[in-house]
Amino acid sequence: MSTLFALTLILLSIYAILTKAEFSEQSLELQSAHRADKVSHLHFYFHDVVSGKDPTAIVVAGKRNAFGMTTIIDDPLTEGPEPESRAVGRAQGVYTQSTKEGAALHMAMTFVFKEGKYNGSSISILGNNQYLEAVRELPVVGGTGAFRFARGYALAKTKKFVVRTGDAVVEYNVFVMHH
Ligand SMILES: *[C@@H]1O[C@H](CO)[C@@H](O)[C@H](O)[C@H]1NC(C)=O
């Protein structure tokens, strides 16, 4: 009887140790996963083409340049400011005129990279873009692939704006902390 009791105690202790080890291992993994260990600086140009036969930005709701105007984008990202410059990815998502006075867009978009070591990785941006300011800061809220656990910020600067068509080229400098 007492042998059985002792055996049960030993088995229970082994079980407890094993279970505990498993839990502590998991939390260690999480701790190391949360440690961002690199800062990358990305530089590229964003082409918002609203005019012509093949626009990459289309208004899906609201009146142009009025509160509520909502645009869906699949804008090319290139290495240099010219549209025929080497393509590095696409900016996919949505922006909405989100102020009743002045000029501000609520932007929710993902930079999907298609070139070099970042091919297949992405960075998500969410924030307020007061697009008449010379330089706007937008938060990086996450990422995938090479940019897992990403956080950081993007600086957007309008390089070219064609009043007649509404087409714009915006220079982006993204500073991102990631694995
Ligand atoms: C990017 O990755 C995709 C999928 O793996 C591949 O098909 C494509 O050729 C790659 N592009 C470049 C430019 O390396």
Side-chain angles (χ1 to χ4, degrees), residues 22-50 55-62 67-81 83 85-99 102-159 161 167-179:
E22 208 175 286
F23 277 129
S24 53
E25 215 172 82
Q26 275 175 1
S27 62
L28 275 179
E29 258 172 39
L30 269 182
Q31 266 173 17
S32 71
H34 279 293
R35 204 181 57 233
D37 47 16
K38 250 182 266 166
V39 178
S40 296
H41 171 205
L42 309 173
H43 177 250
F44 50 83
Y45 293 84
F46 165 104
H47 301 264
D48 202 45
V49 183
V50 298
T56 59
I58 56 166
V59 176
V60 294
F67 175 56
M69 180 199 74
T70 299
T71 306
I72 307 280
I73 62 168
D74 181 6
D75 284 345
L77 302 175
T78 61
E79 198 174 57
S85 162
R86 190 167 74 105
V88 297
R90 313 287 294 192
Q92 297 174 334
V94 58
Y95 60 73
T96 302
Q97 285 278 355
S98 55
T99 179
L105 300 172
H106 170 73
M107 311 214 37
M109 65 177 170
T110 300
F111 295 138
V112 182
F113 298 105
K114 304 210 166 149
E115 256 297 319
K117 64 175 171 174
Y118 299 133
N119 185 10
S121 297
S122 72
I123 288 177
S124 290
I125 299 282
L126 181 73
N128 185 268
N129 181 356
Q130 300 188 17
Y131 58 89
L132 296 182
E133 298 293 323
V135 181
R136 293 86 67 186
E137 182 177 336
L138 294 159
V140 168
V141 294
T144 65
F147 300 112
R148 281 180 182 172
F149 290 102
R151 55 210 168 90
Y153 62 98
L155 299 177
K157 199 172 163 184
T158 303
K159 189 82 185 160
F161 179 71
D167 293 350
V169 179
V170 182
E171 179 180 14
Y172 270 92
N173 277 288
V174 183
F175 298 88
V176 59
M177 248 161 69
H178 59 101
H179 267 3

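If you read the sequence from its start, that first residue is 1, and numbering goes on from there. Predicted model, so just to flag it, every value in this text is computed and none were measured.
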*Asks:* Please round to the nearest 0.5 Å and tell me the distance separating atom OG1 of Thr99 and atom CG of Asn129.
*Replies:* 12.5 Å
*Asks:* State, to 0.1 Å, how close Val50 and Asp167 come at their nearest heavy-atom pair, and which atoms those are.
*Replies:* N-OD1, 2.8 Å
*Asks:* Say you draw a straight line from CZ of Phe113 to CD1 of Ile123; how long is it, rounded to the nearest 0.5 Å?
*Replies:* 4.5 Å
*Asks:* Checking ring-ring contact (aromatic ring centres under 6.0 Å, His included) for the pair Phe161/Tyr131: CA distance, chi angles, key distance, verdict?
*Replies:* CA-CA 11 Å; Phe161 179 71; Tyr131 58 89; 8.1 Å; no
*Asks:* Taking the side chain from Thr56 and the backbone from Asp48, do they hold a donor-acceptor pair closer than 3.5 Å?
*Replies:* no
*Asks:* Is the shortest heavy-atom distance from the side chain of Tyr45 to the side chain of Pro76 under 4.5 Å?
*Replies:* no
*Asks:* Do Asn173 and His41 meet the criterion of a side-chain donor-acceptor pair at a distance under 3.5 Å?
*Replies:* yes
*Asks:* What pair of heavy atoms forms the shortest contact from Ala154 to Val140, and how long is it?
*Replies:* N-CG2, 4.4 Å
*Asks:* Kindly compute the distance separating OG1 (Thr96) from CZ (Phe67), expressed to the nearest 0.5 Å.
*Replies:* 9.5 Å
*Asks:* Are Arg151 and Val141 close enough that some pair of their side-chain heavy atoms sits under 4.5 Å apart?
*Replies:* no
*Asks:* Distance check, rounded to the nearest 0.5 Å: Met109 atom CE versus Ile73 atom CD1?
*Replies:* 5.5 Å
*Asks:* Hey, does the side chain of Thr70 reach the backbone of Gly68 with a donor-acceptor pair shorter than 3.5 angstrom?
*Replies:* yes
*Asks:* Is Ser85 reaching over with its side chain to a backbone N or O of Gly80, donor-acceptor style, under 3.5 angstrom?
*Replies:* yes
*Asks:* Is it the case that the side chain of Lys159 and the backbone of Val169 share a donor-acceptor pair, with hydrogens and angles ignored and the cut-off at 3.5 Å?
*Replies:* no
*Asks:* Can the ring centres of His178 and Phe149 be said to be less than 6.0 Å apart?
*Replies:* no
*Asks:* Quick one: does Arg90's side chain have a donor or acceptor within less than 3.5 Å of a partner on Val112's backbone?
*Replies:* no
*Asks:* Output the distance between atom CZ (Arg136) and atom CE (Met107), rounded to the nearest 0.5 Å.
*Replies:* 8.5 Å
*Asks:* Classify the side-chain pair Thr110/Ser122 by whether it contains a donor and acceptor separated by less than 3.5 Å.
*Replies:* no
*Asks:* Looking at every non-hydrogen atom in both residues, tell me the closest pair between Leu138 and Asn128 and how far apart they are.
*Replies:* CD2-O, 3.4 Å
*Asks:* Taking the side chain as every heavy atom from C-beta outward, state whether Leu126 and His106 have any pair of such atoms under 4.5 Å apart.
*Replies:* yes
*Asks:* If I take atom OH from residue Tyr172 and atom CZ from residue Phe44, how far apart are they, to the nearest 0.5 angstrom?
*Replies:* 7.5 Å
*Asks:* Applying side chain to side chain contact (heavy atoms under 4.5 Å, CB included) to Met69 and Thr71, what does each step give before you reach the verdict?
*Replies:* CA-CA 7 Å; Met69 180 199 74; Thr71 306; 3.6 Å; yes
*Asks:* I'd like to know whether the aromatic ring centres of Phe147 and Phe111 sit less than 6.0 Å apart in this structure.
*Replies:* no
*Asks:* What heavy-atom pair brings Ala57 and Tyr95 nearest, and what distance separates the two atoms?
*Replies:* CB-OH, 4.3 Å
*Asks:* Does any N or O in the side chain of Ser121 come within less than 3.5 Å of the main-chain N or O of Ala146, such that one atom is a donor and the other an acceptor?
*Replies:* yes
*Asks:* Would you say that Asn119 contacts Lys114 through its side chain, given a criterion of any heavy-atom pair below 4.5 Å between the two side chains?
*Replies:* yes
*Asks:* Under a plain distance cut-off of 3.5 Å, with no hydrogens placed, do His43 and Glu171 share a side-chain donor-acceptor pair?
*Replies:* yes
*Asks:* Could you report the tightest heavy-atom contact between Ala150 and Gly143, atom names first, then the distance?
*Replies:* CB-N, 3.9 Å
